[in-house]
Structure formats: structure tokens, C-alpha cells
Engineer: 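Have a look at this one before I ask anything.
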Amino acid sequence: MDIHEYQAKALLSDFGVNIPQGGLAYSPEQAAYRAREIGGDKWVVKAQIHSGARGKAGGVVFCDKEQAVWDAADELLGKRLVTHQTGPKGKGVYRLYVEEATHIRNEIYLGFVLDRSSDRILVVASAEGGMEIEEISANRPGSIVRMSVEPAVGMQAFQAREIAFSLGLPGNLINQMVKTIMGCYRAFRELDATMVEINPLVVTESDDIIALDAKMTFDDNALFRRPNISELRDKSQEDPRETRAADRGLSYVGLEGNIGCMINGAGLAMATMDMISHAGGEPANFLDIGGGASPERVAKAFNLVLADENVQAILVNIFAGINRCDWVAQGVVQAIEKIDLKIPLVVRLSGTNVEEGRRILEQCRQKVITADTLAEAAEAVVGAWKKAQAGQRG
Ligand code: GDP
Ligand code: MN
């Protein structure tokens with residue numbers, strides 16, 4: 001789960017990371033009020049969306065008058081901001097964060113990620129902050145410092161000091177930097193994060209180290225024990241198709257094509273995707289019913305696939321081990337019997353109780369195309385989809 005910049009800053013601040021003074025605003029009036037509350041004569045108005053690279057997209061506005069804060073807020077609120085990370089649809093701006101402007105001396109990159117290949121938290125830092133880490137690694141690879149943390153002992157102050165020194169920070173800033181690094185690390189561990197990124201972390205003209213931006217991602221599987229974190233979820237920033245599925249305990253991946261896919265297991269999803277592409281189609285989504293799915297759960301999953309407006313044909317591909325083909329068939333039938341299914345449906349069942357599953361499908365009043373192998377199923381669904389499209393055009 002991702003959270004907003006202002007939320008990440010508040011969390012990190014509890015762990016001793018310095019942040020600029022700022023306040024949240026939902027309207028131009030509130031934004032101007034925040035500026036007055038903060039004081040001074042320079043502010044930054046920042047669109048709160050779940051994406052980086054807002055600066056380049058016009059989502060970070062510098063203001064030297066209260067009226068300019070009002071205007072920037074008026075311009076940004078309700079807009080869909082398209083960054084190179086959001087995809088062409090962009091993300092809706094419904095919250096703004098107004099901050100005092102900071103006088104920057106230099107910008108540092110500081111990131112913490114879970115490195116799955118070494119099973120360790122990896123600290124990544126660079127004295128060339130401000131640009132994205134991908135750009136830094138392309139343009140200034142030599143500036144990147146990496147350090148992995150031994151899980152049994154955790155991050156040690158000497159390691160943080162080593163990072164601070166290798167960034168070339170002067171002696172008077174080392175302690176502040178160590179405090180920042182240790183604070184981020186503790187936040188990462190204690191809040192079950194999978195990513196913490198401060199870019200830029202800046203050295204100000206008055207020799208303070210301040211997080212000007214902050215990004216945190218959390219482990220979805222740990223949210224049950226972090227109620228304070230799960231409260232920070234903002235559904236307006238998520239793909240509504242994925243949200244609908246997640247709320248029902250199902251896992252959904254939205255894609256760009258037109259074939260809706262209901263499968264069980266990530267491996268089968270990959271294989272199904274390959275076979276559909278091979279047959280000349282493209283998946284619209286994958287809905288994973290998981291293991292031991294009841295007919296009700298299958299019906300719910302099926303309806304979610306159907307609710308995706310990009311879906312023009314459906315492939316159900318189940319390789320049942322823990323699952324039962326008869327339950328899957330019952331669920332599919334439950335879902336389609338009440339409706340007038342206007343798009344082709346191909347079902348391929350294999351494994352536990354497959355005969356019973358096929359029998360249930362045969363008795364269904366709706367037209368269900370069945371297939372025995374994955375290859376046949378992929379051919380059938382792409383073929384039926386093409387035919388249906390041609391039929392609509394002609
Ligand atoms: P991002 O584009 O989504 O990563 O948003 P950031 O919060 O990182 O802002 C983009 C850039 O704006 C930063 O890299 C800074 O260079 C600049 N910036 C943000 N806040 C301030 C500020 O208070 N003062 C100055 N001078 N620059 C800022
Ligand atoms: Mn940034």
C-alpha cells in the first residue's frame with residue numbers, strides 16, 4: 001500500500017526525521033489559510049497524489065504571495081495530474097500540502113528498499129539527489145552508495161556514519177544525517193514498510209538536514225497489525241478495479257487488453273498470459289481466485305472480471321488441486337445464469353472433480369465454450385473474441 005507524501009512525512013517525523021512546516025488543504029481557502037498559519041513569504045503548494053515526478057508535471061508550485069497559493073490550489077484541485085509514473089489517465093488531485101519554502105544548498109537521495117535477492121534491507125544513498133534514482137544510476141552511477149543491513153543486529157550507527165561520510169557531508173552535519181538515516185530505518189522496520197524514499201533530502205542554507213519529499217510503501221500482508229497505517233489508505237489513488245477486488249479478498253491485476261481472465265495462482269496467470277498473446281490476443285486483467293474457492297467466491301470473482309469495461313471475452317482457466325472444478329463451475333453458473341451474457345466465455349477446467357465440473361457447465365442455459373488444454377482454451381477465447389468483434393462491426 002502506498003501513502004501520500006504528507007502522511008509519510010508525519011510518520012518519519014515521529015522517528016526524528018526533520019520535515020518542513022506544512023499543512024494539508026482541501027480547498028483554495030484552506031491553502032491560503034495554511035500559508036498564513038505557516039508564516040514567512042515563500043511557500044510550496046504540492047499536489048498529493050500517489051506518484052513521484054510531480055515537479056515536472058506541474059504538481060509542485062512555488063509561491064511568493066498568499067494569493068498565488070490560493071491560485072495554485074484552485075488550479076490543482078480536482079485536476080488529474082499525469083506524470084510519467086501514473087500512466088496516461090493520471091491521478092486525481094483532491095488534497096494539497098502547503099509548506100514553507102526551503103533554501104536548498106544541496107540535494108541528497110536516500111532510499112530504503114527490501115532487497116529480495118539478499119533478504120535484507122538495502123540502504124541506497126547519493127549526493128546527486130533531486131533526480132529520480134533511475135536517472136542517477138544512469139547518469140551518475142559512481143555517486144551511489146549501497147549498504148545492506150544484517151537483519152539479526154539491525155542498522156548500526158557506524159553504518160549510518162559511513163554513509164554520511166561517503167556522501168561527502170561536512171563534520172557538523174554528520175550527526176544530523178545519522179539521526180535521519182537511523183530514524184528512517186526504524187520507521188521502515190517498526191511500521192512494516194517495504195520502501196522508504198526521501199528524494200530530495202536537503203542540506204539547507206542554515207545547515208539543517210530536511211526531508212523535502214517522502215515516499216513510503218507498506219507490506220499489504222502486515223496491514224492487519226498496523227491499524228494506524230491501514231487508516232492512511234486513499235482509495236481515490238488506486239485503480240478502482242483493483243480496489244473492488246482487494247475489498248473482497250481477491251487479487252486482481254489490471255492490464256491493457258480485452259480478454260478477462262479468471263485463474264488460480266500466479267504461475268498459471270503467467271502461462272495463460274503467454275498463451276493468449278501467442279493466440280493473438282491480450283489480457284484485460286487477471287483475477288486470482290486463490291485456493292479452495294467456494295462457489296460464492298468464484299461467482300464474486302467472475303462478476304469482478306465482468307465488471308471491467310475493457311473485457312470483451314472471458315477465459316476461465318482453473319487447474320484445480322486444492323480447488324474443486326465442480327465448485328468453480330457452480331460459481332460461474334451462479335454468476336451467469338441471472339444475466340444476459342453478451343460476450344463469449346471459454347472455460348477450461350482440469351484437476352479435482354473435473355467430470356462433475358464439466359457436467360455442471362453442460363447443463364447451464366448460457367452458452368459456455370469448453371476446452372481441454374490451455375492452448376485450446378487460449379485459441380478458443382481469442383477466436384471467439386475476434387469473431388464477436390467482427391460481428392459487431394459488420
Ligand atoms: P516530486 O517531483 O514528486 O518528486 O516532488 P518533490 O517534492 O521532490 O519536488 C520536486 C522538486 O522541487 C524537488 O526535487 C526540489 O528540487 C524542488 N522543491 C520542492 N520543495 C522545495 C522547496 O521548498 N524549496 C526549493 N527551493 N525547492 C523545492
Ligand atoms: Mn521527489
Engineer: Any chance you could measure Leu212, atom CG, to Glu99, atom CD, to the nearest 0.5 Å?
Structural biologist: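 Those atoms lie 7.0 Å apart.
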Engineer: Side-chain contact test, heavy atoms from C-beta onward, threshold under 4.5 Å: evaluate it for Ile174 versus Arg161 and give yes or no.
Structural biologist: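 Yes, side chains in contact.
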Engineer: Any salt bridge linking Asp213 with Arg54? Criterion: basic side-chain nitrogen under 4.0 Å from a carboxylate oxygen.
Structural biologist: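 Salt bridge: yes.
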Engineer: Between Leu201 and Leu167, is there a shared hydrophobic cluster once you connect ILVMFWY residues whose side-chain heavy atoms come closer than 4.5 Å?
Structural biologist: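 Linked, Leu201 and Leu167 end up in one cluster.
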Engineer: Is there a donor-acceptor pair closer than 3.5 Å between any side-chain N or O of Glu238 and the backbone N or O of Ser236?
Structural biologist: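 No, because the side chain of Glu238 does not come within donor-acceptor range (under 3.5 Å) of the backbone of Ser236.
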Engineer: Could you tell me whether the side chains of Glu5 and His50 share a donor-acceptor contact shorter than 3.5 Å?
Structural biologist: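 Side chains of Glu5 and His50: no pair found under 3.5 Å.
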Engineer: When you look at Thr272 and Asn317, which way does the side chain to side chain donor-acceptor pair (under 3.5 Å) test go after all the steps?
Structural biologist: CA-CA 8 Å; Thr272 306; Asn317 183 25; 3.0 Å; yes
Engineer: Which heavy-atom pair separates Arg358 from Leu349 by the least distance, and what is that distance?
Structural biologist: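 That would be NH2-O, 3.5 Å.
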Engineer: Apply side chain to side chain contact (heavy atoms under 4.5 Å, CB included) to Val124 and Leu122, showing your working.
Structural biologist: CA-CA 6 Å; Val124 181; Leu122 186 68; 4.2 Å; yes
Engineer: With a 4.5 Å limit on heavy-atom distance, are the side chains of Leu341 and Ile343 in contact?
Structural biologist: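 Yes; the side chains approach each other to less than 4.5 Å.
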Engineer: What residue among Asn258, Asp308, Asp239 forms side-chain hydrogen bond (donor to acceptor under 3.5 Å, both in side chains) with Asn285?
Structural biologist: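 In the set Asn258, Asp308, Asp239, the residue that makes a side-chain hydrogen bond (donor to acceptor under 3.5 Å, both in side chains) with Asn285 is Asp308.
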Engineer: Got a sec, which hydrophobics cluster with Tyr26, joining ILVMFWY side chains under 4.5 Å apart, including via others?
Structural biologist: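 Grouped by the 4.5 Å side-chain rule, Tyr6, Leu24, Tyr97 form the rest of the cluster around Tyr26.
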Engineer: Judged by atom type as modelled, is there a donor-acceptor pair below 3.5 Å linking the side chain of Lys91 to the main-chain atoms of Gln237?
Structural biologist: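 Here the side-chain-to-backbone pair exists.
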Engineer: Kindly check if the number of other-residue, nucleotide or ligand heavy atoms within 6.0 Å of CZ (Arg189) is above 12?
Structural biologist: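 No, not enclosed.
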Engineer: Are Arg365 and Glu337 close enough for a salt bridge, meaning some N to O gap below 4.0 Å?
Structural biologist: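 Between Glu337 and Arg365 there is a salt bridge, with a charged N closer than 4.0 Å to a carboxylate O.
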Engineer: Out of curiosity, Asp192 CG to Thr217 OG1, how far, rounded to the nearest 0.5 Å?
Structural biologist: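 That separation rounds to 13.0 Å.
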Engineer: According to a hydrophobic-cluster definition based on side-chain heavy atoms being under 4.5 Å apart (Ile, Leu, Val, Met, Phe, Trp, Tyr only), do Ile121 and Met216 belong together?
Structural biologist: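 Yes, because Ile121 and Met216 connect within a single hydrophobic cluster, where side-chain heavy atoms sit under 4.5 Å apart.
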Engineer: Any non-hydrogen side-chain atom of Val61 less than 4.5 Å from a side-chain atom of Trp43?
Structural biologist: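 Val61 does not reach Trp43 side chain to side chain.
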Engineer: Can you see which heavy atom on Pro200 is nearest to which on Ile198, and at what distance?
Structural biologist: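 Where Pro200 meets Ile198 most closely, the heavy atoms are O-CG2, 3.8 Å.
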Engineer: Please check if the side chain of Arg233 supplies one atom and the backbone of Glu231 the other of a donor-acceptor pair under 3.5 Å.
Structural biologist: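 No; judged by distance alone, with no hydrogens or angles, the pair does not exist.
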Engineer: Is the shortest side-chain N to carboxylate O distance from Asp247 to Lys235 below 4.0 Å?
Structural biologist: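 Yes.
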Engineer: Mind listing the closest non-hydrogen atom pair of Ile322 and Gly292 along with its distance?
Structural biologist: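 That closest heavy-atom pairing would be CG2-N, 3.8 Å.
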Engineer: For Lys9 and Ala211, which heavy atoms make the closest approach, and how far apart are they?
Structural biologist: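 Of all heavy-atom pairs spanning Lys9 and Ala211, the closest is CE-O, 3.4 Å.
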Engineer: What distance separates Leu268 CG from Arg348 CZ, expressed to the nearest 0.5 Å?
Structural biologist: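 Spacing of CG (Leu268) from CZ (Arg348) equals 7.0 Å.
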Engineer: If you round to the nearest 0.5 Å, how far is CD1 of Ile229 from CZ of Phe224?
Structural biologist: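 Answer for the CZ-CD1 pair, Phe224 versus Ile229, is 13.5 Å.
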Engineer: What I'd like to find out is whether the side chain of Ile314 reaches to under 4.5 Å of the side chain of Ile259, using heavy atoms alone.
Structural biologist: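 Heavy-atom side-chain distance check fails, nothing below 4.5 Å.
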Engineer: Taking Ser126 for its side chain and Glu128 for its backbone only, find out whether a donor-acceptor pair lies under 3.5 Å.
Structural biologist: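 Here the side-chain-to-backbone pair exists.
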Engineer: Is there a side-chain contact between Cys63 and Val44 (heavy atoms, below 4.5 Å)?
Structural biologist: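 A side-chain contact is absent here, since even the closest heavy-atom pair is not under 4.5 Å.
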Engineer: Check whether Ile108 and Phe112 end up in the same hydrophobic cluster, where Ile, Leu, Val, Met, Phe, Trp and Tyr are linked by side-chain heavy atoms less than 4.5 Å apart.
Structural biologist: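 Both belong to a single hydrophobic cluster.
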Engineer: Should the heavy atoms of other residues, nucleotides or ligands under 6.0 Å from NE2 of His84 be counted, would the total exceed 12?
Structural biologist: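 Enclosed: over 12 neighbouring heavy atoms sit under 6.0 Å from NE2 of His84.
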Engineer: Nearest 0.5 angstrom please: Leu96 CG to Glu75 CD, how far?
Structural biologist: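 That separation rounds to 11.0 Å.
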Engineer: Counting N and O atoms only, with roles assigned by atom type, does the side chain of Asn264 sit under 3.5 Å from a partner on the main chain of Ile318, one being a donor and the other an acceptor?
Structural biologist: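 No: the side chain of Asn264 does not pair with the backbone of Ile318.
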Engineer: Report whether Val178 and Val145 are members of the same hydrophobic cluster (ILVMFWY, side-chain heavy atoms less than 4.5 Å apart, transitive linking).
Structural biologist: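 Same cluster.
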Engineer: Given 3.5 Å as the limit, does a donor-acceptor pair link the side chain of Asp220 with the main chain of Met1, or not?
Structural biologist: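 Between the backbone of Met1 and the side chain of Asp220 there is a qualifying donor-acceptor contact (under 3.5 Å).
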Engineer: Using a 3.5 Å distance criterion without hydrogens, assess whether the side chain of Thr352 forms a donor-acceptor pair with backbone atoms of Gly321.
Structural biologist: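 Here the side-chain-to-backbone pair exists.
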Engineer: In sequence, state the C-alpha distance, the side-chain angles, and the governing distance for Asp326 and Gln330, and then conclude on side chain to side chain donor-acceptor pair (under 3.5 Å).
Structural biologist: CA-CA 6 Å; Asp326 52 336; Gln330 275 176 32; 4.9 Å; no
Engineer: In sequence, state the C-alpha distance, the side-chain angles, and the governing distance for Val298 and Trp327, and then conclude on side chain to side chain contact (heavy atoms under 4.5 Å, CB included).
Structural biologist: CA-CA 8 Å; Val298 171; Trp327 284 8; 5.7 Å; no
Engineer: Is there a path of hydrophobic side-chain contacts, each under 4.5 Å between heavy atoms of I, L, V, M, F, W or Y residues, that connects Ile369 with Leu361?
Structural biologist: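 Shared cluster, no.
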Engineer: I'd like to know if Arg359 pairs up with Glu356 as an ion pair, taking the criterion as any Lys NZ or Arg NE/NH1/NH2 lying under 4.0 Å from an Asp or Glu carboxylate oxygen.
Structural biologist: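 Salt bridge between Arg359 and Glu356, a charged N being under 4.0 Å from a carboxylate O: yes.
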Engineer: Might you confirm whether atom CD of Glu256 has over 12 heavy atoms from other residues, nucleotides or ligands at distances under 6.0 Å?
Structural biologist: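 No - once you tally the heavy atoms of other residues, nucleotides and ligands closer than 6.0 Å, there are 12 at most.
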Engineer: Are any of the side-chain heavy atoms of Gln21 and Glu37 separated by less than 4.5 Å?
Structural biologist: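 Answer no - side chains too far apart.
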Engineer: Can you name the closest pair of heavy atoms from Ile38 and Glu100 and give their distance?
Structural biologist: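 That closest heavy-atom pairing would be CG2-CB, 3.6 Å.
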Engineer: Let me have the donor-acceptor pairs involving side chains of residues 376-385, under 3.5 Å, with sequence neighbours excluded, atom names and distances please.
Structural biologist:
residue : atom : partner : partner atom : Å
Glu376  : OE1  : Asp372  : N            : 3.3
Trp385  : NE1  : Gln312  : OE1          : 2.8

Engineer: Just verifying a value: how many Å separate Thr83 OG1 and Lys56 NZ, rounded to the nearest 0.5 Å?
Structural biologist: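 Separation between the atoms: 10.0 Å.
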Engineer: After noting the C-alpha distance and the side-chain angles of Arg226 and Phe218, does the key distance pass the side chain to side chain contact (heavy atoms under 4.5 Å, CB included) rule?
Structural biologist: CA-CA 10 Å; Arg226 302 279 170 238; Phe218 296 90; over 6 Å; no
Engineer: Let's go through Met155 and Phe188 carefully: what are the C-alpha distance in whole Å and the side-chain angles of both, what is the deciding distance for side chain to side chain contact (heavy atoms under 4.5 Å, CB included) to 0.1 Å, and is it a yes or a no?
Structural biologist: CA-CA 11 Å; Met155 177 120 204; Phe188 190 111; over 6 Å; no
Engineer: Contact between Glu107 and Met131 at the side-chain level, heavy atoms closer than 4.5 Å - yes or no?
Structural biologist: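 Side-chain contact under 4.5 Å: no.
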Engineer: Measure from the side-chain N and O atoms of Arg95 to the backbone N and O of Ala47, and report whether any donor-acceptor pair falls under 3.5 Å.
Structural biologist: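 Answer holds: no.
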Engineer: Start with the C-alpha distance between Glu197 and Tyr109, add both sets of side-chain angles, then the distance that settles side chain to side chain donor-acceptor pair (under 3.5 Å), and finish with yes or no.
Structural biologist: CA-CA 8 Å; Glu197 183 183 71; Tyr109 175 92; 2.6 Å; yes
Engineer: On a heavy-atom basis, which atom in Asn303 and which in Ala335 lie closest, and how many Å separate them?
Structural biologist: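 Shortest heavy-atom contact: OD1-CB, 3.9 Å.
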Engineer: So with a 6.0 Å cut-off around CD of Glu309, is the heavy-atom count from everything else above 12?
Structural biologist: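 Incorrect, the count does not exceed 12.
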Engineer: Is there a donor-acceptor pair closer than 3.5 Å between any side-chain N or O of Glu190 and the backbone N or O of Ala187?
Structural biologist: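 No.
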Engineer: Mark yes when over 12 heavy atoms from residues, nucleotides or ligands other than Phe15 sit less than 6.0 Å from its CZ; otherwise mark no.
Structural biologist: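 Enclosed.
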Engineer: Looking just at side-chain N and O atoms, do Ser277 and Asp274 make a donor-acceptor pair shorter than 3.5 Å?
Structural biologist: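 Looking only at side-chain atoms, Asp274 and Ser277 do not form any donor-acceptor pair under 3.5 Å.
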Engineer: Is there a donor-acceptor pair under 3.5 Å between the side chain of Thr204 and the backbone N or O of Asp208?
Structural biologist: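 The answer is yes, because a donor-acceptor pair under 3.5 Å joins these two groups.
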